[in-house]
Amino acid sequence: MTGIEILDPGLEGLLSRVELPRRVIRIRRRGKYIIFELDRGFLVMHLRITGRLILGELRGPETRAILRFRGASLSFLDRRRMATAEFVEDISWLEAKLGPEPLGDLSWLPGALKRSRRPIKVWLLDQKNIAGIGNIYASEVLFVAGIDPRRPANSLSEEEAVRLSRAIREVLSEAIAHRGTTFSDYRDSSGDPGGYQEFLRVYCRAGKPCKRCGTPIERIELGGRGTFFCPRCQR
DNA sequence: TAACACCTGTTC
DNA sequence: GAACAGGTGTTA
């Protein structure tokens with residue numbers, strides 16, 4: 001990393017406290033966080049809802065910073081300015097607040113569900129339980145598993161918990177294969193939208209017929225977030 | 001654990 | 001004018 005141009009004054013304190021250049025050892029993801037491992041310290045980013053990292057130098061009202069590397073630049077854009085980026089010396093705090101990865105081994109999941117009475121949909125969104133499931137995929141996963149999002153986590157049977165584990169893997173793998181879900185803002189690093197919005201089963205389909213049984217999809221609020229489900233297919 | 005706060009844009 | 005939006009951190 002050879003330089004950073006900070007365009008949003010709100011990022012000053014978080015990004016300017018490191019002397020450049022620094023070597024990037026590798027870039028990885030943990031939950032919804034993007035981690036640049038540097039020869040000393042880390043650059044940790046979270047794109048929240050409308051954040052984007054686009055290759056090249058894009059200057060516009062949404063541009064918050066431009067990261068420069070030897071031979072490449074990354075523009076950090078964010079329409080709602082809720083995304084975060086900061087240099088830190090260590091990232092143990094991140095590991096401490098995130099549950100296991102959703103695409104890893106999930107054999108622990110049935111046991112963990114028994115320890116919570118929260119609605120299963122709210123449980124899935126809590127990054128401390130499992131890291132990386134957002135509001136779209138929580139609804140989608142529960143539809144595929146055939147589970148009512150309002151059910152207390154600890155009311156799921158062993159068999160339902162196993163179905164849920166499989167649904168998590170299936171939905172997230174499919175979504176990744178289609179390069180993500182774009183309603184309005186999400187873009188990949190080339191600026192291209194994802195394609196999974198074409199395949200969503202329940203999310204944002206309130207009133208439309210269930211793709212499996214034809215019953216109108218319902219929208220309710222759980223944990224303050226819009227939640228979509230089929231009252232017939234999900235019990 | 002729920003409500004609110006953080007932001008700004010879109011849609012009704 | 002109000003409601004809604006893919007997320008998370010703080011507060012009550």
Side-chain angles (χ1 to χ4, degrees), chain A residues 7-14 29-35 44-54 60-65 76-86 88 91 93-99 101-102 112-113 115-143 149-154 168 171-172 174-176 178-189 191-208 217-229:
Chain A
L7 302 172
D8 176 356
L11 289 175
E12 278 289 350
L14 302 169
R29 174 196 63 77
R30 176 73 174 90
K32 300 176 192 170
Y33 291 82
I34 300 166
I35 302 166
V44 181
M45 303 186 74
H46 191 305
L47 299 179
R48 300 283 181 109
I49 296 172
T50 56
R52 298 179 182 176
L53 268 185
I54 308 283
E62 297 180 14
T63 309
R64 302 185 65 197
F76 174 34
L77 318 182
D78 184 17
R79 186 163 60 82
R80 281 169 73 175
R81 294 198 294 131
M82 288 200 294
T84 58
E86 76 178 303
V88 294
I91 49 167
W93 55 273
L94 224 193
E95 219 33 68
K97 67 176 182 178
L98 294 180
E101 285 291 318
L113 291 180
R115 296 194 297 273
S116 173
R117 298 160 47 180
R118 302 170 85 188
I120 183 59
K121 195 264 189 165
V122 174
W123 189 92
L124 286 173
L125 284 179
D126 187 338
Q127 304 297 298
K128 202 157 193 167
N129 293 326
I130 182 165
I133 299 177
N135 199 41
I136 295 177
Y137 300 129
S139 283
E140 294 296 307
V141 159
L142 287 167
F143 175 84
R150 298 165 291 194
R151 295 261 308 276
N154 64 2
I168 290 170
V171 168
L172 294 188
E174 267 178 17
I176 290 168
H178 288 282
R179 310 191 56 83
T181 305
T182 299
F183 268 77
S184 56
D185 287 274
Y186 171 71
R187 295 291 186 281
D188 67 16
S189 57
D192 295 326
Y196 195 59
Q197 61 278 6
E198 312 286 336
F199 302 92
L200 295 177
R201 297 156 171 98
V202 289
Y203 187 80
C204 266
R205 296 195 65 246
K208 295 182 181 160
I217 298 301
E218 287 185 17
R219 179 192 192 278
I220 58 172
E221 200 140 302
L222 278 180
R225 322 287 307 279
T227 304
F228 301 84
F229 70 105

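Note that the structure is a prediction, hence the values are computed from the model and not measured. Computed over heavy atoms, backbone and side chain alike; hydrogens, waters and symmetry mates excluded.
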Exercise for the section: Kindly say if Arg225(A) contacts the phosphate of dC4(B), meaning a side-chain N or O under 4.0 Å from OP1 or OP2. Expected result: no
Exercise for the section: If the plane angle is over 60° it's perpendicular, under 30° parallel, otherwise tilted; pick one for Tyr196(A) and Tyr137(A). Expected result: tilted
Fill in the blank from the handout: Here the distance between atom P of dG9(B) and atom CZ of Arg80(A), to the nearest Å, is 11 Å
Exercise for the section: May I ask you to say what Tyr196(A) touches in the nucleic acid, namely base, sugar-phosphate or nothing, with a heavy-atom cut-off under 4.0 Å? Expected result: nothing
Problem - Exercise: do Thr50(A) and Asp78(A) side chains pair donor with acceptor under 3.5 Å - result: yes
Handout entry: Among dG6(C), dC7(B), dC4(C), the one nearest Tyr186(A) by side-chain distance
Key = dG6(C)
Exercise for the section: Would you mind classifying the nucleic acid contact of Arg219(A) as base, sugar-phosphate or nothing, using non-hydrogen atoms under 4.0 angstrom? Expected result: sugar-phosphate
Practice task
Determine the contact category for Thr50(A): base if any of its heavy atoms lies under 4.0 Å from a base atom, sugar-phosphate if only primed atoms, P, OP1 or OP2 are that close, otherwise nothing.
Solution key: nothing
Fill in the blank from the handout: The correct set of residues in residues 115-129 of chain A placing a heavy atom under 4.0 Å from DNA chain C is Gln127(A)
Problem - Under the 3.5 Å Watson-Crick or G-U criterion, the dot-bracket string of DNA chain C, with | for inter-strand pairs - result: |||||.||||||
Exercise for the section: Looking at every strand, decide which applies to Asp78(A) at a 4.0 Å heavy-atom threshold: base, sugar-phosphate, or nothing. Expected result: nothing
Problem - Phosphate OP1/OP2 of dT8(C): any His46(A) side-chain N/O under 4.0 Å - result: yes
Practice task
From the options dG9(B), dG9(C), dG6(C), select the nucleotide whose nearest atom is closest to the side chain of Arg79(A).
Solution key: dG9(B)
Problem - N/O (side chain, Arg81(A)) to phosphate O (OP1/OP2, dT8(B)) under 4.0 Å - result: yes
Practice task
Select one nucleotide: of dG6(C), dG9(C), dG7(C), the one nearest the side-chain heavy atoms of Phe183(A).
Solution key: dG6(C)
